[in-house]
Amino acid sequence: MRMLHRHSPVPQYICKKIPDINAGSDILSSPVEYLTGISALRGDLLRKELGIFTFKDLLEHFPLRHIDKTKVDKIASLSPVAEYTQVAGKIMSLDIVGEKRGKRLVAQLKDDTGILELVWFQGISWVEKAVQVGQDYLVFGKLGFFNGKAQIAHPDLENFSAQNAGGKAYLEPIYPSTEKLKARALHGKAISKITRELFQKLSEKDLPENLPAAVIEKFKLIRRFDAYKHIHFPASELHYQHALRRLKFEEFFFAQLRIQLIKLDRQRFSRGWIFEKVGDLFNTFYNQYLPFELTGAQKRVLKEIRKDTGTGHQMNRLLQGDVGSGKTMVALLAMLIAADNKNAADEQSFQSVLMAPTEILAQQHFQGISALLKDLPVQVGILTGSSTAKERRQILKSCEDGTMTILIGTHAIIEDKVTFRNLGLAVVDEQHKFGVAQRARLWKKNVIPPHILVMTATPIPRTLALTAYGDLDYSVIDELPPGRKPITTVHRFETARPQVMDFIKEQIAEGRQAYIIYPLIEESSKLDYENLMKGYEEVKSFFPEPAYWISMVHGKQPADQKETNMQRFVTGDTQILVGTTVIEVGVNVPNASVMLIESAEKFGLSQLHQLRGRVGRGAEQSFCVLLTGQKLSQDARERLKIMTSTNDGFKIAEKDLEIRGPGEIEGTRQSGELNFKLADIVYDKAMLEVVREIVEKLIQDDPTLENEAHKPVKDHMQQQKAKTRWGKIA
Ligand code: ADP
Ligand code: MG
């Protein structure tokens, strides 16, 4: 077995600049100014430009990649295929060309095969002084081709001496830097130098082991100190790979530990109402009024909710189900269970709220649910921004006196003025439009927070769910109601518009309805509205009255007009709905069988999938037509290909994550849990799964990390908590 805790008896760093307060304490929190050559000015730049305040930050400023300094390309052999290149040659000339904003510094580098142009747009005066004509340089940078000529903009230069040529292969780290830093001589190379110096000051005990010995053993992880060392200065590619693996593992490990501890805390310490039984309301509804048999997935989720609400702890459950999977019914049944139960203190039944992201959707939920519950002794109400003062007063009163059983609405229902006698359950539909803070306001609506069920049809890839939403319990409806025919999706170019319109006519002739959606990139964009209006006129010319009737909905209409137009489509008075993405979420018109998306190349994957989910809700075969211009970017082509090849929302979400990266996925932008430095939830998802299981097991066995074997983990957590970064306390 490998020795895990080898301490060196004497500190290897002796540095008079480090003040007493740091002696024996944590060297990693020393400010970067303690390194040679880092003046206050440069320190400031490192902080501002790269967020490097301390030794630890510098340690975690990982190289982008490494290059083998002994590998030098010949200029004549450079091809546009090679991204980065390293060449060696003599600087033949150095000139400032252009004026004002076009001003740049251009150098000609010559080797024995040809000439390469080097160019700088920034830091010109500094580079001009530093670079000498007639001198040999080793040049590294990203290769570009400009007017057919090879060029490197802002290359890294190094004096080329004999020691570089033909020596032993060594891997030089390439660090991210910025132009401002380069102008102060803090280019990648300088960062490499101070990082090397940092390692001279560090010893094993400064980077103590933080994972349990058994885990290290089982996964053959290298020691933490070695990992840091080799991620910067690997002796070989293999060393680097081992270092990377160890550090990614560690990142996932502590992120998972944090999330799972938060969840555990909530499960153990947050009090919640107990819904102990399933009563008359639920049973009567289930046996007499439920219009269909629940799918297996719906039943399973309902059981999970039953279990959560019986524990005495607050439920915080995220329910994911693809568009059309029947989440609303699950919510309704859960709300009936709430109403079947009473608050022991005053024998008052529990009330529920159902929050929707848009007025249209709230209306639709209200109508659907009222109709289903019309013969049951429950009061269902709706409160939105457009409720009249009188309606509002009545609603508020019945919420307060407890007679309102189910209140449906938009975010208007979380206003402070809305108080409840006994709120027991809050359902949030399409949660990605509701922020965490808004959700938190719900918690305050009763003496003990109500149970919370968050529903979303924007499928969140499992990896994201494990990280960004890992503190919520998580249910999936992974089964569509029976009898649904998969939607047929096709891609057509603008030129095929007449045929597409003819197809819609055929569908309408069979009694179906169609959506025609225009992109609305920006809510306020005039151009987009003009496009929509133009489109509307065009649709009208294809579908003239009185044979056809058309509704139009968009975000600029007054709420009541939007509502009326939408309603005419819902009731079948109009056969075509022309609109923007305001109809995107949740709308349910089972008779609609065509979704035509105009300029489909302008939509993101999850939006396309959402829109497509508006059809295929009835028993008829449905179609989604993606209409685009001829010119398509690579990404757009990729998106269209995915859309036409699968209906599976989870697959699409995974692809979306791959194409856009986690930072761009709606609702997760602020999530600190995704800020991994090395690990990547897409590429390393197998590792993430493994780590999640290890952590789960660990806190199951030892939730307080008391076990001696978990001491390194606990120490690390405590140290992280205690750490206040130098200079960051503004
Ligand atoms: P979403 O999950 O997208 O919110 P909805 O709740 O709007 O889906 O349900 C979509 C449609 O499927 C609705 O018309 C609903 O009545 C119907 N539905 C839901 N559950 C079932 C089921 N078990 N069997 C048949 N139809 C169902
Ligand atoms: Mg829905």
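Order of listing sets the numbers, starting from 1, for every ligand and every atom in it.
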Inset, instruction - Please determine if K505 forms a cation-pi arrangement with F542, meaning its NZ or CZ atom is less than 6.0 Å from the six-membered ring centre and no more than 45° off the ring axis. - result: no

Inset, instruction - Decide whether S593 and Q507 meet the rule of one side-chain donor and one side-chain acceptor closer than 3.5 Å. - result: yes

Inset, instruction - Return yes when R484 approaches ligand 1 closer than 4.0 angstrom through a heavy atom, no otherwise. - result: yes

Inset, instruction - Taking the six-membered ring for Trp and the single ring otherwise, decide whether the centroids of H451 and F275 are under 6.0 Å apart. - result: yes

Inset, instruction - Have a look at ligand 1 and work out which part of H365, if any, has a heavy atom under 4.0 Å from it: side chain, backbone, both or neither. - result: neither

Inset, instruction - Would you mind listing which atoms of ligand 1 come within a distance below 4.0 Å of any non-hydrogen atom of L294? - result: 23 (N)

Inset, instruction - Check each atom of ligand 1 against the heavy atoms of E293 and keep those under 4.0 Å away; list them by number with element. - result: 22 (C), 23 (N), 24 (N)

Legend entry - Shortest reach to atom 20 (N) of ligand 1 by a heavy atom, considering only Q298, Q320, R617: Q298

Inset, instruction - Give a yes or no on this: more than 12 heavy atoms of other residues, nucleotides or ligands lie within 6.0 Å of atom CG of D635. - result: yes

Inset, instruction - State whether the shortest distance between N or O atoms of G326 and N or O atoms of ligand 1 falls below 3.5 angstrom. - result: yes

Inset, instruction - Please indicate whether K445 has more than 12 foreign heavy atoms, meaning atoms of other residues, nucleotides or ligands, lying under 6.0 Å from its NZ. - result: yes

Legend entry - F623 and F503 aromatic centres sub-6.0 Å: yes

Inset, instruction - Compute the shortest N/O to N/O distance between P482 and ligand 1 and return yes if it is under 3.5 Å, no if not. - result: no

Inset, instruction - For T328, counting its heavy atoms only, list the atoms of ligand 1 lying under 4.0 Å from any of them. - result: 4 (O), 5 (P), 6 (O), 7 (O)

Legend entry - Atom CD of Q621: over 12 foreign heavy atoms under 6.0 Å: yes

Inset, instruction - Answer with yes or no whether S325 contacts ligand 1, where contact means a heavy atom under 4.0 Å from a ligand atom. - result: yes

Legend entry - Atoms in ligand 1 with a heavy atom of T295 nearer than 4.0 Å: 23 (N)

